[in-house]
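The residues of the chain are indexed from 1 along the displayed sequence.
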Amino acid sequence: MARFGGVTQGRIGLTSASEQQHLAGPLSAAVANLCQRLQPQVSARTAAGFREVLRRLSAPLQVAVAGRIKSGKSTLVNALIGRRVAPTDVGECTRLVTRFQYGTVDRVELVFFDGRKQVLPFDVGGMIPNDLEVDFDKVSHLEAYLTNAVLRDLTVIDTPGLGSLDLASVKRTEQLLGAAKHRKPGEDGDDEPEVDEESGDLDDTSRNAVAGAEAVLYVVTQGVRADDQQALAAFTAATASREAGPVNAIAVLNKADTITPESVTGSDGDVWKAATILAEKQAATLKPRVADVIPVIGLLAESAESGGFTSADADALRSLAQLDDGTWETMLISADIFTTWDCDVATGTRARLLEKLDLYGIRCAVDAIKADPDLTAGALRRKLLDASGLAGVRGRLDAVFRARADGIKAAAALASVTALAHASGDPGERQRVHDAIEVLLAKPEAHQLRLLEALTLVTSGAVDMPDDLAEEVLRVGSSAEIGEQLGMKGRPHKELSAYALERAGWWRSFASFGATPAQSRVAHVVHRAYFLIWQQLRAQ
């Protein structure tokens, strides 16, 4: 299924005032209008699918956090939310999909396969309990409602780790994301349920068409694996068969502090430099599935951001900073030596620091205290947060996801509308929906959707392009900033304008002479993208 995305300014179509305040932007409003107009012209079942598309359009952007087992997904989720609420130890809850969304009152609900819901109390530490006092096999997923402001425009979906998904966990993932129909207890999950064509209920195919996370945050660790791209593709297939791409997916290299700098050429013995080099290598491995790979230390970020780091911890670190250099360097050799070596700081206190900061974070904190003995606990926490790399991850989330939420959501909705029409089995219905989408995409304001459809065709291999041209399509289609789109960031305005016009002409010629029919379709879209960029630059 093709994905679209991007950010477009301007107003396309009309929606009511109440709808406008809940939609991400003009592209989402245009797709919402399209669904509303088409509902009377399609079957009851397709219309039900369109209603689900409309519901999802008015909801916050849904970002699924994926990764292998023990990659630190839940720890990173806690850091992003700013609260230690997701369980990180292996247990029943880590085998469930958990949706973290905004709510006016903090609460967690167990959602059962039969549709029942049960409020789940937080544990004494304010976290979702790791084990459930219910029949686990009857639980579909968890819904966590939190008052955190970050969740107002972003729903975070914590998923079970890839490689550990048993059959039950796979079914729960599909259940939540819509890839499987709610079944009555005892039903055979392998049989296709009967659906009344006129009931307005969604069948499995239709549910799959409108489901799935709209964006993906993929967590990797330092072990660069050639099959990570396949793992990412498998995840997206399991969550509604949508392709991850540079518009709607980024990756993070977690546990960056565990990298041995000496093992990375060019790191000069610096952990963070080594992590940056490895992240660049992983970006090449995962390309073009993700926009970027950003290094981060999830544990350090979680402790510093979620309130886990306390003034008592700061005091313990001050005591450690008083140790002589020889003793201190010896203690930092390993975790075992750190906790067992004879010193004035209690073993239990050191173990607590290790759980929160690990050796790298402890070293960073002590170095900061030695450099500035008057550092307050709050300032020390901020130093640790800076050292975690969380700001870089959040910045990329803002640039790739939040800034493009309108385009990402509109693209996902258009893909769902197309899939629903295809699944109807009615040629006339398919044609009506196709024609309506073509009218929408023909508008200049919606060209970004057309461009990113072309990008998906190229990056997925559906349209074969020479490597240099594929790179250019990727660059033009996956950035919202003109300088980056042209590959000339920071260059003078006049050069940008001339280059945009030159490339517009080149792609028009390529579309007419030398391109295959499939390539020509992409080339016409890229030509128009360059021409619109040139017009925008000229207007400035």
State, to 0.1 Å, how close Thr221 and Gln282 come at their nearest heavy-atom pair, and which atoms those are. O-NE2, 2.9 Å
Do the non-hydrogen side-chain atoms of Arg350 and Met331 ever get within less than 4.5 Å of each other? yes
Any side-chain heavy-atom pair from Leu61 and Asp153 closer than 4.5 angstrom? no
Indicate yes or no for a side-chain donor-acceptor contact from Lys255 to the backbone of Val220 under 3.5 Å, with no hydrogens or angles considered. no
Can we say Glu355 and Arg352 salt-bridge, meaning some charged N sits less than 4.0 Å from an Asp/Glu carboxylate O? no
Enumerate, atom names and distances included, each donor-acceptor pair closer than 3.5 Å involving a side-chain atom of residues 388-398, sequence neighbours excluded.
from	atom 1	to	atom 2	distance (Å)
Ser388	OG	Leu385	O	2.6
Ser388	OG	Leu390	N	3.2
Arg394	NH1	Glu305	OE2	2.9
Arg394	NH2	Ala79	O	3.1
Arg394	NH2	Leu80	O	3.2
Arg394	NH2	Glu305	OE2	3.1
Arg396	NE	Asp292	OD2	3.4
Asp398	OD1	Arg402	NH1	2.9

Point-to-point distance, once rounded to the nearest 0.5 Å, from CZ of Phe338 to CH2 of Trp328: 5.0 Å
If you define the side chain from C-beta out and look only at heavy atoms, does anything of Leu414 sit under 4.5 Å from Leu449? yes
Considering non-hydrogen atoms only, spot the tightest contact between Val53 and Ala413 and give its length. CG1-CB, 3.6 Å
Under 4.5 Å between any side-chain heavy atoms of Asp257 and Trp272, yes or no? no
Could you tell me whether the side chain of Glu214 and the main chain of Ile408 form a donor-acceptor pair under 3.5 Å? no
Going through the checks in order, is the side-chain contact (heavy atoms from CB on, under 4.5 Å) test met by Tyr102 and Leu146? CA-CA 5 Å; Tyr102 182 78; Leu146 305 174; over 6 Å; no
Residue of the set Asp106, Asn148, Asn78 for which side chain to side chain donor-acceptor pair (under 3.5 Å) holds with Arg83: Asp106
Report yes if the side chains of Val77 and Phe100 come closer than 4.5 Å at any heavy-atom pair, otherwise no. yes
Any non-hydrogen side-chain atom of Glu143 less than 4.5 Å from a side-chain atom of Gln101? yes
Spacing of CZ belonging to Phe309 relative to NZ belonging to Lys383, to within rounding of 0.5 Å: 13.0 Å
I'd like to know whether Asp158 forms a side-chain contact (heavy atoms from CB on, under 4.5 Å) with Val97, so could you lay out the CA-CA distance, the side-chain angles of the two residues, the decisive distance to 0.1 Å, and finally the verdict. CA-CA 6 Å; Asp158 192 7; Val97 176; over 6 Å; no
Tell me whether Ser267 contacts the main-chain N or O of Pro261 through its side chain, where contact means a donor paired with an acceptor under 3.5 Å. yes
From CA spacing to verdict: side chain to side chain donor-acceptor pair (under 3.5 Å), Asp406, Ser28: CA-CA 6 Å; Asp406 183 30; Ser28 295; 2.8 Å; yes
Sub-3.5 Å donor-acceptor pair from the side chain of Lys117 to the main-chain atoms of Phe112, do we have one? no
Closer than 3.5 angstrom, by distance alone: can the side chain of Ser303 be matched with the main-chain N or O of Lys356 as a donor-acceptor pair? yes
Would a 4.5 Å heavy-atom cut-off, applied to side chains only, mark Val65 and Ile157 as touching? no
Determine, step by step, whether Val476 and Leu455 satisfy the side-chain contact (heavy atoms from CB on, under 4.5 Å) criterion, reporting the C-alpha distance in whole Å, the side-chain angles of both residues, the deciding distance to 0.1 Å, and the verdict. CA-CA 9 Å; Val476 174; Leu455 181 149; over 6 Å; no
Is a side-chain donor or acceptor of Thr339 paired with a backbone partner of Asp336 at a separation under 3.5 angstrom? yes
Neighbour count >12 (heavy atoms, 6.0 Å) for atom CG, Asp135: yes
Closest contact, heavy atoms only, Leu286 versus Tyr218: CD1-CD2, 4.2 Å
Donor-acceptor pair, distance only, cut-off 3.5 Å: does the side chain of Lys73 make one with the backbone of Thr159? yes
Side chains of Tyr145 and Glu109 in contact at under 4.5 Å (non-hydrogen atoms): yes
Within the side chain of Asp324, is there an N or O that forms a donor-acceptor pair under 3.5 Å with the backbone of Thr327? yes
Mind checking the CG-CD1 spacing from Asp358 to Ile297? Nearest 0.5 Å is all I need. 9.0 Å
From CD (Gln322) to CZ (Arg318), nearest 0.5 Å: 9.5 Å
Counterpart residues, salt bridge (Lys or Arg N to Asp or Glu O under 4.0 Å), relative to Asp123 (two or more places apart): none
Once rounded to the nearest 0.5 Å, what's the spacing between atom CG of Leu110 and atom CG of Leu120? 4.5 Å
Quick one, Leu253 with Val296, criterion side-chain contact (heavy atoms from CB on, under 4.5 Å). Give me CA distance, side-chain angles, the key distance, then yes/no. CA-CA 6 Å; Leu253 170 58; Val296 70; over 6 Å; no
For residues 363-376, dump all side-chain donor-acceptor pairs below 3.5 Å to protein atoms at least two apart in sequence or in another chain.
from	atom 1	to	atom 2	distance (Å)
Arg363	NH2	Glu329	OE1	3.2
Asp372	OD1	Asp374	N	3.3
Thr376	OG1	Ala379	N	3.1

Donor-acceptor pair between Thr310 and Asp313 side chains, under 3.5 angstrom: yes
Between Arg381 and Asp386, is there a salt bridge with N-O shorter than 4.0 Å? no
Just verifying a value: how many Å separate Asn254 CG and Thr75 OG1, rounded to the nearest 0.5 Å? 7.5 Å
Indicate yes or no for a side-chain donor-acceptor contact from Lys409 to the backbone of Arg56 under 3.5 Å, with no hydrogens or angles considered. yes
Identify the heavy atoms of Thr330 and Ile337 that sit nearest to each other, and give their distance. O-CG2, 3.3 Å
Could you pull out the closest heavy-atom pair between Ala66 and Val216, with the gap in Å? CB-CG1, 4.5 Å
Does Arg84 come within less than 4.0 Å of Glu302, counting only side-chain N to carboxylate O? yes
Looking at every heavy atom in both Ser58 and Arg55, which two are closest together, and how far apart are they? OG-O, 2.9 Å
